[in-house]
Amino acid sequence: MRTDQHRLPGVGTLHVLHAADGHHVGILQHADDRRELVVYDPADPDTRRTGVLLTAAEARVLAGVLGVDGPTLHCARLDRYADRLAVLQVLIGAAASAGRSSADAAVDGAVVAAVVREDEVVVPPDGRLRPGDVVVVVGRPDAALEMIDLLTGA
């Protein structure tokens, strides 16, 4: 599964999940913190079929059903350049990875280049990772993935 994250000025942030079967599902986090589940037309991924506005309680129930307390790794984006360089953006979940320090991670061939926290980019990254942080790792593809494993405890 591949995911994309898009900032929508004045609206919020859209997270689109691209499933292996070709379907696209979005979670729109509105600027006022409302959540909306969006289903796209498989024949035209730019066409919205339907949307469900979720209350905070409904969003928590859905998160529980989806197993938010399970895997903490969410690769928001992976870019490769000539198979020698990878740039990964990973969303830190609410479980095991929160509280770890980006400074504790040491992998030959990869570095934590930045942490995006809310609307702030922290360079160089410092302190403990928090749920909702996006960690940006740059390095050789194998080393970058190892760094993510180290940071998330995967």
Side-chain angles (χ1 to χ4, degrees), residues 1-82 85-103 105 110-139 141 144-145 147-148 151-152 154:
M1 176 180 291
R2 181 176 63 93
T3 64
D4 296 319
Q5 181 177 332
H6 308 279
R7 293 240 183 243
L8 305 174
V11 177
T13 303
L14 176 64
H15 305 269
V16 180
L17 311 162
H18 304 273
D21 68 358
H23 286 86
H24 306 279
V25 178
I27 303 291
L28 177 56
Q29 181 178 355
H30 290 267
D32 63 3
D33 213 31
R34 291 177 298 139
R35 303 287 196 286
E36 186 175 356
L37 182 64
V38 181
V39 179
Y40 294 95
D41 185 338
D44 181 7
D46 293 328
T47 300
R48 173 185 163 142
R49 267 203 179 160
T50 190
V52 178
L53 192 58
L54 302 172
T55 66
E58 292 166 336
R60 282 192 300 276
V61 168
L62 180 59
V65 169
L66 294 174
V68 167
D69 290 333
T72 59
L73 178 62
H74 171 79
C75 188
R77 185 175 178 128
L78 167 63
D79 295 316
R80 287 182 181 242
Y81 301 97
L85 179 68
V87 178
L88 287 96
Q89 297 177 33
V90 176
L91 177 65
I92 298 298
S97 53
R100 294 179 189 257
S101 173
S102 59
V111 297
V112 175
V115 172
V116 181
R117 181 170 292 138
E118 296 169 6
D119 288 330
E120 182 180 340
V121 178
V122 181
V123 178
D126 59 349
R128 300 271 171 214
L129 298 175
R130 300 180 200 161
D133 284 354
V134 175
V135 177
V136 181
V137 175
V138 178
L145 291 170
M147 174 76 76
I148 293 301
L151 285 170
T152 61

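Predicted model only: the values in this text are computed from it and were never measured.
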What is the distance from atom CD of Gln29 to atom CD of Gln5, rounded to the nearest 0.5 Å?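 Those atoms lie 9.0 Å apart.
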Distance (rounded to the nearest 0.5 Å) between Leu17 CG and His23 NE2: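 Taking CG in Leu17 and NE2 in His23, the distance rounds to 13.0 Å.
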Is the shortest heavy-atom distance from the side chain of Arg35 to the side chain of Leu37 under 4.5 Å?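 No, side chains not in contact.
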Sequence neighbours left out, what passes salt bridge (charged side-chain N to carboxylate O under 4.0 Å, His left out) with Asp46? Give chain and number order.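 With sequence neighbours excluded, Asp46 shows a salt bridge (charged side-chain N to carboxylate O under 4.0 Å, His left out) to no residue whatsoever.
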Set of residues satisfying salt bridge (charged side-chain N to carboxylate O under 4.0 Å, His left out) with respect to Asp21, sequence neighbours excluded: none
Please report the closest heavy-atom contact between [X] and [Y], naming both atoms and the distance.
X	Y	value
Gly26	Leu14	CA-CD1, 4.2 Å
Ala86	Pro141	CB-CA, 3.7 Å
Met147	Ala110	CE-O, 3.3 Å
Arg117	Leu129	NH2-CA, 4.2 Å

Show the atom names and distances, to 0.1 Å, of all donor-acceptor pairs under 3.5 Å that link a side chain in residues 47-54 to residues at least two apart or in another chain.
from	atom 1	to	atom 2	distance (Å)
Thr47	OG1	Asp44	OD2	2.6
Arg48	NH1	Glu36	OE2	3.1
Arg48	NH2	Glu36	OE2	2.5

Could you check whether any side-chain N or O of Asp133 sits under 3.5 Å from a backbone N or O of Val135, counting only pairs where one atom can act as donor and the other as acceptor?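 Answer holds: no.
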Identify, with sequence neighbours excluded, every residue that meets side chain to side chain contact (heavy atoms under 4.5 Å, CB included) alongside Val123. Ala114, Val121
Residues two or more places apart in sequence or in another chain: which of them pass side chain to side chain contact (heavy atoms under 4.5 Å, CB included) with Asp119?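 With sequence neighbours excluded, Asp119 shows a side chain to side chain contact (heavy atoms under 4.5 Å, CB included) to Arg7, given in chain and number order.
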For Val90 and Val137, what are the C-alpha separation, side-chain angles and deciding distance, and is it a side-chain contact (heavy atoms from CB on, under 4.5 Å)? CA-CA 8 Å; Val90 176; Val137 175; 6.0 Å; no
